[in-house]
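The model shown is predicted, which means the values in this text are computed figures rather than measured ones. In what follows, every chain begins at residue 1, and chains take the letters A, B, ... in the order their sequences are listed.
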Amino acid sequence: MRLSQLFGKTQRQPPAEAETASHRLLVQAGMVAQLAAGIYSYLPLAWKVLRKIEEIVRQEMDAAGAQEVHLPSLHPLEIWQASGRHQTMKDVLFHLQDKRGREFVLGPTHEEVITDLFRRYVRSYRDLPLMLYQIQTKYRDEPRPRAGLIRLREFIMKDLYSFDADWEGLDRSYTTMVHAYENVFRRCGVPAVAVLADAGAMGGKDTHEFMFLTEVGEDSCLFCQACGYAANAEVALFRKTPTHADEPPLPLEEVATPGVTTIPQLAQFLGIPTSRTCKAVFYMADGRPVLVAIRGDMEVNETKLKRALRALDIHYMSEEEVLRAGFVAGSASAVGLQGATIVADDLIPQERNLVAGANRPDYHLLNVNYGRDWEAQIVADIALAAHGHPCPQCGEPLQLKRGIELGQVFKLGTFYSEKMGATFLDRQGQMRPAIMGCYGIGIDRLLAAVVEANHDQDGIIWPRELAPYPVHLVAIAIDKEEIRQTSEELYCRLMAHGIEPLYDDREESPGVKLKDADLLGMPLRLTISPRTLQQGAVELKPRSSPQARHVPLEEAIKAVTEA
RNA sequence: CGGGGUGUAGCUCAGCCUGGUAGAGCACCUGGUUUGGGGCCAGGAGGCCGCCGGUUCAAAUCCGGCCACCCCGACCA
C-alpha cells in the first residue's frame with residue numbers, strides 16, 4: 001500500500017479531547033474518526049486491525065466448537081418484553097418505529113434473539129451442547145461514552161451463547177470459553193486477567209470479567225497476591241472482623257456534638273477511631289427511601305446494596321430527597337427511625353457500643369447496640385472492599401488496581417430459556433429448559449486495549465499478528481531518481497514474496513516520514529536513503545527496539561522474513 | 001441524570017475582560033530549495049466565530065435560552 005494513496009492522514013498535533021493513549025494515537029494516526037459521542041468511523045488502517053482481531057476471535061471460537069451465525073440488529077420490542085429486559089435495560093435501549101408504528105429496538109446484545117432461534121430449531125438433548133456466536137455491531141445508549149473506543153454507543157461485539165442439557169455441561173462450556181478467551185487476549189498482545197464479577201441485568205449466577213489492568217481503566221478490581229483471589233470491586237468480599245465484639249453492652253447515652261456532621265469530625269470530636277462509629281448513608285431504591293448502616297471506616301458498595309434490596313435502580317439521595325424522607329443529615333441513624341427501609345452491613349450486629357446519630361442536629365448517641373436499640377429489615381454484606389482490606393480467602397492485604405473490561409463470561413442458567421420457552425426433551429423424554437451461558441468480547445475496545453498495551457511516546461507498536469502491514473518501507477529523498485527506482489523495486493519484490501509493505505512514497509522530508517512511521521507502528525521499518533544506497537543496503541529496524549542495522553539490498557527479503 | 005469544562009479555518013489555539021477590518025502555527029494548493037527525526041523561501045485557497053433570540057448605530061466579543069463535545073460520578077463489551 002502506498003502511503004501517498006492511503007485514506008487517512010496523520011496529524012501533527014494530538015487531538016485536544018483525547019486523554020488516553022489509545023484515543024490520542026488512533027486519532028492522531030488517522031485511523032479512527034469521531035462522528036458523535038461514542039460513535040466512530042474506522043479508517044483503512046484501523047479497519048484492517050479490527051478484521052485481524054476478528055479473525056483471531058473466529059479461529060478461537062471455531063476451535064472451541066462454536067458455529068458462527070449472524071443475527072439481526074433490529075429487534076421487535078415484544079421479544080424484549082418477553083424477557084423483561086425492556087425494563088431492566090431500558091436506559092441503554094435505542095428505540096425506533098417502522099412506518100406502521102411497530103416498535104423496534106436496536107440490539108444491545110442478543111440473548112433474546114438467540115433464545116428464540118434455539119426454541120425454533122432445537123427439540124432434543126441430542127442437539128446439545130450447542131455454541132453459536134456472531135461478530136456484530138451493538139447499540140447501547142450509554143449514559144456516558146468515554147475515552148475514544150473504550151466505551152462506545154455503537155460498538156462491535158463478539159457474542160457467543162452456549163446451550164447445555166445440564167449444569168455440568170454448562171460448567172464445561174464455560175471452562176472452554178475461559179480458555180478460548182485467554183488465547184484471544186494472549187494472541188492480541190494484551191495481558192488480561194479473569195476476575196469475579198457481577199451479573200447485573202444479564203441474570204444468572206457465576207460470571208467473570210477479563211480485565212486488562214491499566215490506570216486508564218474504568219473498573220476497580222481487588223487482587224490477593226498470596227492466594228490469587230481476584231474480583232471486581234463491585235462484588236469483592238473481604239474479611240471483616242469486629243473490633244470490640246466481647247465488650248458488654250453499655251447504656252445508651254446522648255451527647256451534644258455541636259457542628260459535627262461527618263464521621264471524621266465525629267471521631268475526632270470524641271477521640272475514637274472511625275471504626276467505632278456507625279455511619280448512615282441514604283439511598284433511593286426504586287423510589288423508596290433507604291437508610292444504610294455501615295461501620296464508619298467503610299464505604300457502601302452500591303452493587304451489593306442493590307442486590308440486597310433486589311432493586312432495579314438505586315441512587316444516592318439528593319438533598320431534596322433527604323428532606324422529603326425526613327432524615328437528619330449529619331446526625332442520622334437507624335435508632336428510632338420510621339418510614340424507611342433499613343439495611344445494615346453484616347458486620348454491624350457483631351459490634352458493640354458504636355457511636356451513631358441521634359436523629360436530631362448536633363447530637364449523637366453513644367453505646368448503640370444492634371438488636372437492643374434498633375434492627376434492620378435487611379442484614380447483608382454491603383461493604384466496599386478497599387486497598388489493604390484482608391483477603392476473604394487468606395487474610396492477606398488486597399491490592400486495588402484499575403482495569404478495562406475486555407470481555408465477560410456468564411453462566412445464565414435458565415433465566416432466558418424459562419421465560420421464553422427454550423426447551424428440549426431429555427433422554428427420559430422430559431421437557432427441560434436449556435442451560436445457557438453467554439460470552440462477550442468488545443472488539444473495538446480490545447483494539448483500544450491493544451494500543452494501550454503496545455505503544456511508546458512516539459506512537460503505536462502493533463503486535464505482529466495484528467499489524468495492518470508487516471513492514472513500513474520508507475524512501476528518503478524519493479525525488480532522487482536512484483532512490484525512487486530502488487524503493488520501487490524493493491516494494492515490488494516484497495509484494496512478489498507475499499509481504500505487502502506500507503510504502504511511504506510521498507515527497508516529504510525525512511523527519512516527517514520517520515515520525516509517521518513511528519506513529520503508525522508497523523512492526524518493521526525498512527529505510528532507503530542516499531546514505532544506505534551508497535552501501536547498496538537498506539536499513540532494517542524493528543519498531544519495538546532502537547537497534548537498526550543495514551542489510552544488503554539483495555538480502556532484504558530474507559532479512560524481513562527472518563526478523 | 002448530578003457536578004465541572006470547552007465550542008473561532010481540516011487540526012492545535014489566540015482574539016472576547018474594554019463591542020467597530022477575523023488572526024497565528026500546522027495541514028492543503030503553486031513554484032523553488034533541502035534530504036536521517038515534523039527543514040527553509042515566495043505566492044495562494046480556505047470561516048453562518050455551535051444554534052436561536054435579545055441589547056446596541058454596530059456583537060466572535062455583552063445578556064438569555066438551547067445544542068454539541070470533553071472530563072468526574074451513578075451503568076456496561
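Put simply, CD on A/Q28 is 13 Å from P on B/rA27, counting in whole angstrom units. Distance NZ (A/K90) to C1' (B/rC1): 13 Å, rounded to an integer number of Å. To the nearest angstrom, P of B/rC71 lies 14 Å from CD of A/E142. Atoms CD1 (A/I478) and P (B/rU34) sit 17 Å apart, rounded to a whole Å. Between the C1' atom of B/rA77 and the CE atom of A/M177 lies a distance of 16 Å, rounded to the nearest Å. Counting to the nearest Å, the P atom of B/rC69 and the CD1 atom of A/I39 are 8 Å from each other. We find that CD of A/E19 is positioned 11 Å from C1' of B/rG5, with the value rounded to whole Å. Atom CZ in A/R12 sits about 19 Å away from atom P in B/rG10, given to the nearest Å.
Each of A/V195, A/I441, A/V178, A/V193 was evaluated against A/F210; a single residue qualifies, A/V178, per the side chain to side chain contact (heavy atoms under 4.5 Å, CB included) test.
Across all strands, A/D444 comes closer than 4.0 Å to no nucleic acid atom at all (heavy-atom distances). Counting any heavy atom pair closer than 4.0 Å across all strands shown, A/K9 reaches sugar-phosphate atoms only and no base atom. Residue contacts for A/A36: at a heavy-atom cut-off of 4.0 Å it reaches the sugar-phosphate backbone alone, with no base atom in range. Residue A/D159 is out of contact with every strand shown, counting any heavy-atom pair closer than 4.0 Å. A/P108 comes within contact range of no nucleotide atom at all, as no heavy-atom separation falls under 4.0 Å. Counting non-hydrogen atoms under 4.0 angstrom, A/E17 reaches the backbone sugars and phosphates but no base. No contact: A/A448 has no heavy atom under 4.0 Å from any strand.
Contact annotation: A/K480 does not reach the phosphate of B/rU34 (side-chain N/O to OP1 or OP2, under 4.0 Å). Side-chain N/O atoms of A/Q34 include one lying less than 4.0 angstrom from OP1 or OP2 on B/rC70. For B/rC70, the OP1/OP2 oxygens have no side-chain nitrogen or oxygen of A/R144 closer than 4.0 Å. Look at A/Q408 and you'll find a side-chain N or O under 4.0 angstrom from OP1 or OP2 of B/rA77.
B/rU21: glycosidic angle within 90° of 0, hence syn.
Nucleotides B/rC66 and B/rA60, compared at atom P, are 22 Å apart to the nearest Å. Remark: the separation of the P atoms in B/rA9 and B/rC49 is 9 Å, to the nearest Å. Distance noted for atom C1' between B/rU8 and B/rC51: 14 Å (whole Å). Nucleotides B/rA14 and B/rC28 are separated by 24 Å at their P atoms, to the nearest Å. One P atom belongs to B/rC57, the other to B/rC16, and the distance between them is 24 Å to the nearest Å. On the C1' atoms, B/rU56 is 23 Å away from B/rG50, given to the nearest whole Å.
Aromatic stacking of A/Y316 on B/rA74: not satisfied for centres closer than 5.5 Å together with planes under 30 degrees.
Interface remark: the A/S529 side chain does form a donor-acceptor pair with the B/rG36 base, using a distance-only criterion of under 3.5 Å. One donor-acceptor pair, N or O on each side, does fall under 3.5 Å between the base of B/rG36 and the side chain of A/E539. Counting atom types as modelled, A/R151 pairs a side-chain N or O with a base atom of B/rC75 as donor and acceptor under 3.5 Å.
Residues A/V538 and A/H550 are not in side-chain contact: their nearest non-hydrogen atoms beyond the backbone lie 4.5 Å or more apart. Residues A/K138 and A/I156 form no side-chain contact, since every pair of their non-hydrogen atoms from C-beta on lies 4.5 Å or further apart. With a 4.5 Å cut-off on side-chain heavy atoms, A/L447 and A/L149 count as touching.
The partner of B/rC69 is B/rG5, by the rule that a Watson-Crick or G-U pair needs both atom distances under 3.5 Å. B/rC11: Watson-Crick or G-U partner is B/rG25, with both key distances under 3.5 Å. With a cut-off of 3.5 Å on both Watson-Crick or G-U wobble distances, the partner of B/rC48 is given as none. The nucleotide B/rC16 finds no pairing partner, because no Watson-Crick or G-U wobble arrangement with both distances shorter than 3.5 Å includes it. Base-pair partner of B/rU30: B/rA42 (Watson-Crick or G-U wobble, both distances under 3.5 Å).
Relative to the side chain of A/S509, the nucleotides B/rC75, B/rG38, B/rG36 differ in distance, and B/rG38 lies closest. Of the candidates B/rU35, B/rC69, B/rG25, the closest approach to any side-chain atom of A/Q13 belongs to B/rG25. When distances run from any side-chain atom of A/A16 to the nucleotides B/rA77, B/rC76, B/rU12, the shortest one goes to B/rU12. Nearest to the side-chain atoms of A/A477 among the listed nucleotides B/rU35, B/rG38, B/rG37 stands B/rU35.
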When you look at A/K52 and A/E465, which way does the salt bridge (Lys or Arg N to Asp or Glu O under 4.0 Å) test go after all the steps?
-> CA-CA 8 Å; A/K52 292 191 174 196; A/E465 209 175 345; over 6 Å; no
Trace of the side-chain hydrogen bond (donor to acceptor under 3.5 Å, both in side chains) decision for A/Y174 with A/H208 | CA-CA 10 Å; A/Y174 192 85; A/H208 287 82; 2.7 Å; yes
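Side-chain contact, A/Y439 with A/S162: a donor N or O sits under 3.5 Å from an acceptor N or O. For the residue pair A/T10/A/D516, the side-chain donor-acceptor check at 3.5 Å is satisfied.
Position along RNA chain B of the nearest nucleotide to A/E405 versus A/R146 favours A/R146 as the more 5'-ward residue. Projected onto RNA chain B by closest heavy-atom contact, A/R525 and A/L152 fall at different nucleotides, the more 5' of which corresponds to A/R525.
A ring-centre distance under 6.0 Å is not found for A/Y161 and A/Y133.
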